[in-house]
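Below: one structure, written as C-alpha cells.
Indexing begins at 1, ligand by ligand and atom by atom, following the structure's order. FYI, side chains are in, hydrogens and waters are out, and symmetry mates aren't considered; it's all heavy atoms of this structure.
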Amino acid sequence: MAEIIVVANEDEAGEIYAQAVMKLLEKKPNAVLGLATGSSPLKAYEHLAQHVHDKHLDMSQVRGFALDEYVGLEPTHPQSYRSTITRTVVEPLGMNPDLVHVPNGAAETLAHAGADYDRMIEESGGVDIQILGIGADGHIGFNEPGSSLASGTRIKTLTQQTRSDNARFFDDDLDQVPRHAITQGIGTILRAKHLILLAFGDNKAEAIAHSIEGGVSSFWPASALQLHSHATVIVDEAAASKLHNLNYYRWAYENKPEWQEI
Ligand code: F6R
C-alpha cells in the first residue's frame with residue numbers, strides 16, 4: 001500500500017517533496033526527476049527551488065523527464081508542457097535545459113515518439129522520484145480511465161472532463177484545449193523508483209478514495225499505485241475526506257520510526 005500523508009496545505013506537501021529530492025541529490029547529483037505539470041506540483045517545485053537557492057546547490061547534472069505534452073501545440077506555445085516545465089522547473093531550479101526532456105508532440109514523429117521516449121528514460125537509468133498529480137477522473141499523466149495498466153508512452157485522447165478542467169490555462173476557452181496528448185504510460189510511470197502523488201481539494205476526493213482504497217482498475221488509473229512498492233500519496237484534508245481508513249493513515253504517519261524516510 002502507498003504511504004498516505006495528510007497535510008494541512010500545499011506548502012507542507014511541497015516541503016515533504018523537496019526534502020525527499022534533497023536527500024536523493026546528496027547521494028546522486030545526477031539524479032533523474034520525473035516531472036508533472038498542472039497546479040498540484042507548483043508548491044513542491046517552489047520549495048525545492050528555495051532549498052537549492054539557500055544551499056547553493058549545483059543542479060547542472062540533474063536530469064528530468066516530463067510526464068506528458070499536448071499534441072498540436074508548438075513547444076514555444078506558453079501552455080505547452082515544454083514551456084510550462086521550463087518556466088516552473090528548469091529555470092527556478094537552474095537545471096540544464098538539454099538534460100530535461102518532454103515527450104515530443106510534433107505530428108511528423110508521433111508514430112515512434114512514445115517508444116523513443118521510453119527508451120531514453122531507460123537509458124538514463126530510470127526515474128528516481130516521479131512527482132504526480134491526479135485528475136478528478138483518476139488519471140495520472142494523461143492516462144485517462146480505461147488506459148492499460150501496462151501501457152508505454154503513447155497518444156491518448158483527452159476526456160471532455162480533463163479538457164474542461166484544463167480550460168483555465170487557455171483563457172477558459174474549451175476550443176483552444178487540445179484533444180490529444182502524448183503521455184508516459186502507466187507501465188512507464190510504474191518503473192520509476194519512487195512515486196510521490198499530490199492531491200489537493202475536494203474535487204480530488206473521489207479519485208483518491210477509489211484509487212487508494214478501491215480495487216486496482218484501469219478505470220481509476222491512479223489505482224496502479226497499489227502495484228508499486230514505493231509510493232507516497234500526500235493529500236490535504238479535503239482530498240482525503242472520502243478515505244475510510246483515514247485514522248489509520250494518520251496513526252501510522254504519527255508513529256513513523258525516525259529512521260524511516262518517505
Ligand atoms: C500533468 C499531468 C496531469 C495532472 C492532473 C492534475 O503533467 O500529468 O495528470 O497532474 O491533470 O492536474 P492539476 O494538478 O492541475 O489538478
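- Not one N or O on the side chain of H77 forms a donor-acceptor pair closer than 3.5 Å with the backbone of S83.
- Its side chain within the 4.5 Å cluster rule, Y117 clusters with V32, F65, M120, I121, V127 among the Ile, Leu, Val, Met, Phe, Trp and Tyr residues.
- A salt bridge between R250 and E237 is present, with a side-chain N of the basic residue lying under 4.0 Å from a carboxylate O of the acidic one.
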Anything under 3.5 Å between an N or O on ligand 1 and a protein N or O? List each pair with its distance, or write none.
{"residue": "ligand 1", "atom": "7 (O)", "partner": "T37", "partner atom": "N", "Å": "2.9"}
{"residue": "ligand 1", "atom": "7 (O)", "partner": "T37", "partner atom": "OG1", "Å": "2.7"}
{"residue": "ligand 1", "atom": "7 (O)", "partner": "D68", "partner atom": "OD1", "Å": "2.7"}
{"residue": "ligand 1", "atom": "7 (O)", "partner": "D68", "partner atom": "OD2", "Å": "3.4"}
{"residue": "ligand 1", "atom": "8 (O)", "partner": "D68", "partner atom": "OD2", "Å": "2.6"}
{"residue": "ligand 1", "atom": "8 (O)", "partner": "G141", "partner atom": "O", "Å": "3.4"}
{"residue": "ligand 1", "atom": "9 (O)", "partner": "G141", "partner atom": "N", "Å": "3.4"}
{"residue": "ligand 1", "atom": "9 (O)", "partner": "G141", "partner atom": "O", "Å": "2.7"}
{"residue": "ligand 1", "atom": "11 (O)", "partner": "H139", "partner atom": "NE2", "Å": "2.7"}
{"residue": "ligand 1", "atom": "14 (O)", "partner": "S39", "partner atom": "N", "Å": "3.2"}
{"residue": "ligand 1", "atom": "14 (O)", "partner": "S40", "partner atom": "N", "Å": "2.8"}
{"residue": "ligand 1", "atom": "14 (O)", "partner": "S40", "partner atom": "OG", "Å": "2.5"}
{"residue": "ligand 1", "atom": "15 (O)", "partner": "S39", "partner atom": "N", "Å": "2.8"}
{"residue": "ligand 1", "atom": "15 (O)", "partner": "R168", "partner atom": "NH2", "Å": "2.9"}
{"residue": "ligand 1", "atom": "16 (O)", "partner": "K204", "partner atom": "NZ", "Å": "2.7"}

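- For the side chain to side chain contact (heavy atoms under 4.5 Å, CB included) with E213, the qualifying choice from N245, L246, I4 is N245, the only one to do so.
- A distance of 6.0 Å or more separates the ring centres of Y248 and Y253.
- Under the 3.5 Å distance criterion, with hydrogens and angles disregarded, a donor-acceptor pair is assigned to the side chains of Q176 and D173.
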